[in-house]
Amino acid sequence: MHRVTATSIPATMRALQQTSLNGPQDLRLITDAPVPTPGPGEVLIRVTAAGVNYCDIYQAGGTFGGGPQPPYLAGIEGVGEVTAIGEGVTGLEPGSHVIGVGYGAFAEYMVLSAAGAVPVPAGWADEQALGLVVNWPTALAALRPLGGVTAGQTVLIHAAAGGTGQAAVKMAKHYGATVIATASPGKHEVVRALGADHVIDSRGTDIASEVLRLTGGAGADLVLESVGGATLDASLAAAKRVTGRVVVSGLAGGEAAITNWELVFKHQIHVIGLNIGTLTQFAPQIFGEVMGELSGLLAAGVLGPAHPTVYDLANGPKALAELEARATVGKLALLP
Ligand SMILES: NC(=O)c1ccc[n+]([C@@H]2O[C@H](COP(=O)([O-])OP(=O)(O)OC[C@H]3O[C@@H](n4cnc5c(N)ncnc54)[C@H](OP(=O)(O)O)[C@@H]3O)[C@@H](O)[C@H]2O)c1
């Protein structure tokens, strides 16, 4: 049983369906996807915007651990208007606007867990809240509870012009850190405007040597490592010996290995894995603290409404291809 608004809910909808694990080029627009029904503790939202995240690319390529099997409706981050309420849901009414994480966000409707749905901040358009439940908590968790950043420390932030990286730069500066950012050359001005102290080329430079030079040979206290591939080794080499932390949250540049030999004889540093979904599930108290701290940062104006680059739902494959090709700056959104 669920209550509905006056707006009638159709039986089928437009959605992007991933049909293989060969990447986002096999994302197809379908027009007859069944509109899901909210179960106990869930709400149905009419999606007004879906956030594009790098994990959509991992899922489409089959590298996301425990990810969905095709055919599946793609997209994990949706914002919109609550249109139906599942059994036992309290505190959310039809008509309220919320953002959350679930399955099948690249669609006209999706189901969210009511407990995990976050109200769109007052005065913000729905799409301006994109980032609030994925990118921003990830950046904050990497910086604070996991990375332990404090004022005066140096933080190396990769992909600093991206959806997650931009928030990380703003927050790291707010906490009083010196920020060394990496980005493709065409994105450096964006990163400087966010307050980064130094911006280095993510494509050409010897990143580790440059960080060591900028820190007088000491290395960075904290590295937000979201790139992987050859960059992982540069990140390990750029971290301060003994006390430096490298928070590993992504592998846009591919998988890379760390050996016990390296940790004993080459990179005597702390390596910390981060997956925001796992953190939410296994450390709800830490996640709650992160979300509480985020509210404070929003109230203080450290983080403000996002201005995502928008694409029509049908152009989802193009949006994901551009993200994968490193051609984007900031957050991307699909409008159904
Ligand atoms: N673990 C988690 O829970 C979690 C949650 C959110 C995000 N993340 C991770 O954070 C990272 C950023 O995610 P996002 O969604 O905000 O994406 P994004 O930063 O907006 O886009 C990815 C950026 O990564 C950089 N990059 C460097 N090497 C790359 C390569 N070989 N291939 C592709 N991109 C490369 C590119 O920036 P430049 O060209 O400027 O270098 C690119 O624009 C991803 O690795 C993602 O997996 C993890």
Side-chain angles (χ1 to χ4, degrees), residues 23-24 50-61 63-67 75-77 101 105 130-143 145-147 156-171 180-192 194 196 199-205 207 223-235 246-256 272-283 286-287 290 306-309 311 319-334:
V52 176
N53 289 286
Y54 215 91
C55 77
D56 300 319
I57 293 170
Y58 303 143
Q59 289 191 348
T63 51
F64 192 94
I76 57 117
E77 179 189 16
V101 173
L130 291 173
L132 191 50
V133 290
V134 182
N135 311 81
W136 305 351
T138 300
L140 183 51
L143 285 168
L146 299 182
L156 171 62
I157 299 175
H158 290 293
T164 309
Q166 288 201 19
V169 173
K170 286 187 227 173
M171 289 189 270
I180 304 176
T182 79
S184 286
K187 309 176 189 177
H188 287 195
E189 276 318 307
V190 171
V191 181
R192 275 200 194 91
L194 298 170
V199 190
I200 55 188
D201 180 0
S202 56
R203 294 187 186 238
T205 319
I207 292 171
V223 182
L224 302 198
E225 164 49 60
S226 56
V227 173
T231 302
L232 178 66
D233 194 59
S235 295
V246 178
V247 177
V248 178
S249 69
L251 45 144
E255 236 177 290
I272 303 162
L274 167 59
N275 179 310
I276 198 67
T278 306
L279 187 127
T280 311
Q281 194 184 343
F282 290 90
I286 296 176
F287 184 71
V290 165
H307 298 286
T309 303
Y311 300 72
L320 267 68
E322 289 178 1
L323 182 64
E324 195 170 16
R326 310 171 69 163
T328 63
V329 170
K331 185 72 179 170
L332 313 181
L334 303 186

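Counting convention: from 1, in listed order, for ligands and their atoms alike. As the structure is a computational prediction, the values presented were derived from the model and not from experiment.
- Here's the thing with Thr182: none of its N/O atoms is less than 3.5 angstrom from an N/O atom of ligand 1.
- Each of the following atoms of ligand 1 lies closer than 4.0 Å to a heavy atom of Asn135: 16 (O).
- At a heavy-atom distance under 4.0 Å, only backbone atoms of Glu324 (N, CA, C or O) approach ligand 1.
- Relative to atom 39 (O) of ligand 1, the option among Ser184, Gly186, Ala325, Pro185 with the closest non-hydrogen atom is Ser184.
- Between the choices Asn275, Thr138, Val248, the shortest heavy-atom distance to atom 4 (C) of ligand 1 belongs to Thr138.
- Nearest-heavy-atom check against atom 21 (O) of ligand 1 across Leu323, Thr278, Thr328 picks out Leu323.
- Note: no N/O pair closer than 3.5 Å links Asn53 and ligand 1 by distance alone.
- The protein atom (non-hydrogen) at minimum distance from atom 31 (N) of ligand 1 is Gly253 CA, 3.3 Å.
- Considering backbone and side-chain atoms alike, Ile276 places an N or O below 3.5 Å from some N or O of ligand 1.
- Proximity annotation for atom 19 (O) of ligand 1: of Ala230, Gly162, Ala183, Gly162 comes nearest, heavy atoms only.
- For Glu324, the side-chain contact (heavy atoms from CB on, under 4.5 Å) partners at least two apart in sequence or on another chain are Pro24, Tyr54, Ile57.
- Contacts of Val227 with ligand 1, taken as heavy-atom pairs under 4.0 Å, involve the side chain alone.
- Between Val134 and ligand 1, no pair of N/O atoms sits closer than 3.5 Å.
- Here Ile200 contributes atom CD1 and His158 contributes atom NE2; the two are 7.5 Å apart, rounded to the nearest 0.5 Å.
- Between Gly163 and ligand 1, at least one N/O pair is under 3.5 Å apart.
- Looking at Ala142, Ala160, Ser202, Gly51 and measuring to atom 41 (O) of ligand 1, the nearest heavy atom belongs to Ser202.
- The closest side-chain heavy-atom distance from Gln166 to Lys187 is not below 4.5 Å.
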